[in-house]
Amino acid sequence: MISINLYQAGIIDERIDFAETWNELDLTELHAISRVMLSDLQEEVTQKSIILLELIKHRAAKKKIPVEVIQRIDPEDLTISGLPLVDFIYASNGLTRQPYTTIKVPADISFMNRRFGMIGPKDDFQNLTCGEYEAAEIIFLQFKESNDASLLASLAAVLYRKDAKEFISYNYRKSTYVTYDHEAYTKYFARLDHHVLFTIFLWYNGCRSMLPVFFPTLHEGSDAGTKDLMVFTKCIHAAAGPKNGTRDQVRRSGLLPLFFEMEQEAKKAKELQAEYDRRK
């Protein structure tokens, strides 16, 4: 968090806190960013200007600075001098702090005021399973390709569930694995405002973008722009075996522990290759 000075002679001379990173943005600010990114505004500088003004107005309101005072500041002067403050938003997405630990979604239309709670994943994909990531990745890549807003509800339905229900559970009586039917809940998430769903997308994208940072060797040479919807499914198939169990057992395991294990194996393989090349 940084402190910035709002100054215009005879109008305002105040210092306010301002975010430096995605994780310092509060929910109101994330919603403002989502609205702008979902708008028809194409030029980045225009988007940045609106976001900057929205964030400043929000931070000023938290300090009890009347909105009329902010409105009297020349917006052109403010954006010209202040645009670098929001560069981090467009440089990279580092949002890993979960904006919605729980979220209430509207129930059936016949019960207009009724909502029920859904529980989301923890920060940084801490408790995300491989099965959840596999299903979410397919939807994520589809959205990146098509920009079909309906897919945002599907993504949220994968990530959020009632009563912390397992995404893939084992039915001991039938000796079978049961995958959670997230599509049955997509219609409920579709009733949420688009900017709320897009905020969930931003969080998922932020956590996803940190995986190559945490596991650099594993991601060496990987194509970040891949359009292969089954890319992680192939990783699950490769991980299955005597050590990690069946594919469904891998899907029930934690994503980060699997990536850590694969990172260590990738490092060993790299070291062995380097040693082999030295001896040639």
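The model shown is predicted, which means the values in this text are computed figures rather than measured ones.
Under 3.5 Å, the side chains of Thr246 and Asp248 contain no donor-acceptor pair of N or O atoms. No hydrogens or angles considered: nothing links the side chains of Gln249 and Tyr170 as a donor-acceptor pair under 3.5 Å. A donor-acceptor contact closer than 3.5 angstrom is absent between the side chains of Gln98 and Asp124.
Cation-pi check for Lys104 over Phe116 is not met; the charged atom does not lie both under 6.0 angstrom from the ring centroid and within 45 degrees of its normal.
Asn93 contributes no side-chain N or O that, together with a main-chain N or O of Ser209, makes up a donor-acceptor pair within less than 3.5 Å. Side-chain atoms of Asn244 come within 3.5 Å of backbone N or O of Ala239 as a donor-acceptor pair. Ser169 places no side-chain N or O within 3.5 Å of a backbone atom of Glu166 that could act as its donor or acceptor partner. At distances below 3.5 Å, at least one donor-acceptor pair connects side-chain atoms of Asp26 with backbone N or O atoms of Glu29. Judged purely by atom type and a 3.5 angstrom limit, Arg15 uses its side chain to pair as donor or acceptor with the backbone of Ser3. Counting only distance, with no hydrogens or angles, the side chain of Asp193 and the backbone of His195 share no donor-acceptor pair below 3.5 Å. In this structure, the side chain of Arg114 does not engage the main chain of Ala107 through any donor-acceptor pair within 3.5 Å.
Val213 and Leu95 fall within a single hydrophobic cluster, where Ile, Leu, Val, Met, Phe, Trp and Tyr are joined by side-chain heavy atoms under 4.5 Å apart, directly or via other members. If you chain together hydrophobic residues whose side chains sit under 4.5 Å apart, Ile51 and Met1 never meet in one group. A continuous path of hydrophobic side-chain contacts links Val86 to Ile2 [ILVMFWY only; heavy atoms under 4.5 Å].
Proximity of Ile103 to Ile119: side-chain heavy atoms (C-beta onward) are nowhere separated by under 4.5 Å.
Of the residues listed (Phe125, Phe198, Tyr100), the one engaging Trp203 in a ring-ring contact (aromatic ring centres under 6.0 Å, His included) is Phe125, and it is the only one.
Residues Val250 and Gly245 share a closest heavy-atom pair of CG2-O, 4.1 Å. Asp13 approaches Asn5 most closely through the heavy-atom pair OD1-ND2, 3.1 Å. Heavy-atom minimum distance, Pro212 versus Arg208: CD-O, 3.5 Å.
Distance CG/Leu25 to CD1/Ile89: 5.5 Å, rounded to 0.5 Å. Here the straight-line distance linking atom CG of Asp17 with atom CD of Glu24 works out to 9.5 Å at 0.5 Å rounding. Rounded to the nearest 0.5 Å, atoms CZ (Arg251) and CZ (Arg247) are 7.5 Å apart.
The existence of a salt bridge linking Arg161 and Glu132 is confirmed by a sub-4.0 Å separation between a basic side-chain nitrogen and an acidic carboxylate oxygen.
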**Request:** Given salt bridge (Lys or Arg N to Asp or Glu O under 4.0 Å), test Arg35 with Glu54 step by step and report yes or no.
**Result:** CA-CA 11 Å; Arg35 286 190 182 96; Glu54 288 296 317; over 6 Å; no
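Applying the ring-ring contact (aromatic ring centres under 6.0 Å, His included) definition to pairs two or more places apart or across chains, those involving residues 238-270 are Phe215-Phe259, His219-Phe259, Phe232-Phe259.
In this structure, Phe214 has no ring-ring contact (aromatic ring centres under 6.0 Å, His included) partners at least two apart in sequence or on a different chain. Applying the side-chain hydrogen bond (donor to acceptor under 3.5 Å, both in side chains) criterion to Glu145, with sequence neighbours excluded, gives no partner residue.
Residue-environment remark: CG (Asp163) stays at or below the threshold of 12 foreign heavy atoms within 6.0 Å.
A tilted orientation is assigned to the rings of Tyr188 and Tyr185, their planes being inclined by 30° to 60°. In this structure, Trp22 and Phe88 have perpendicular ring planes: the angle between them is above 60°, well past the 30° mark.
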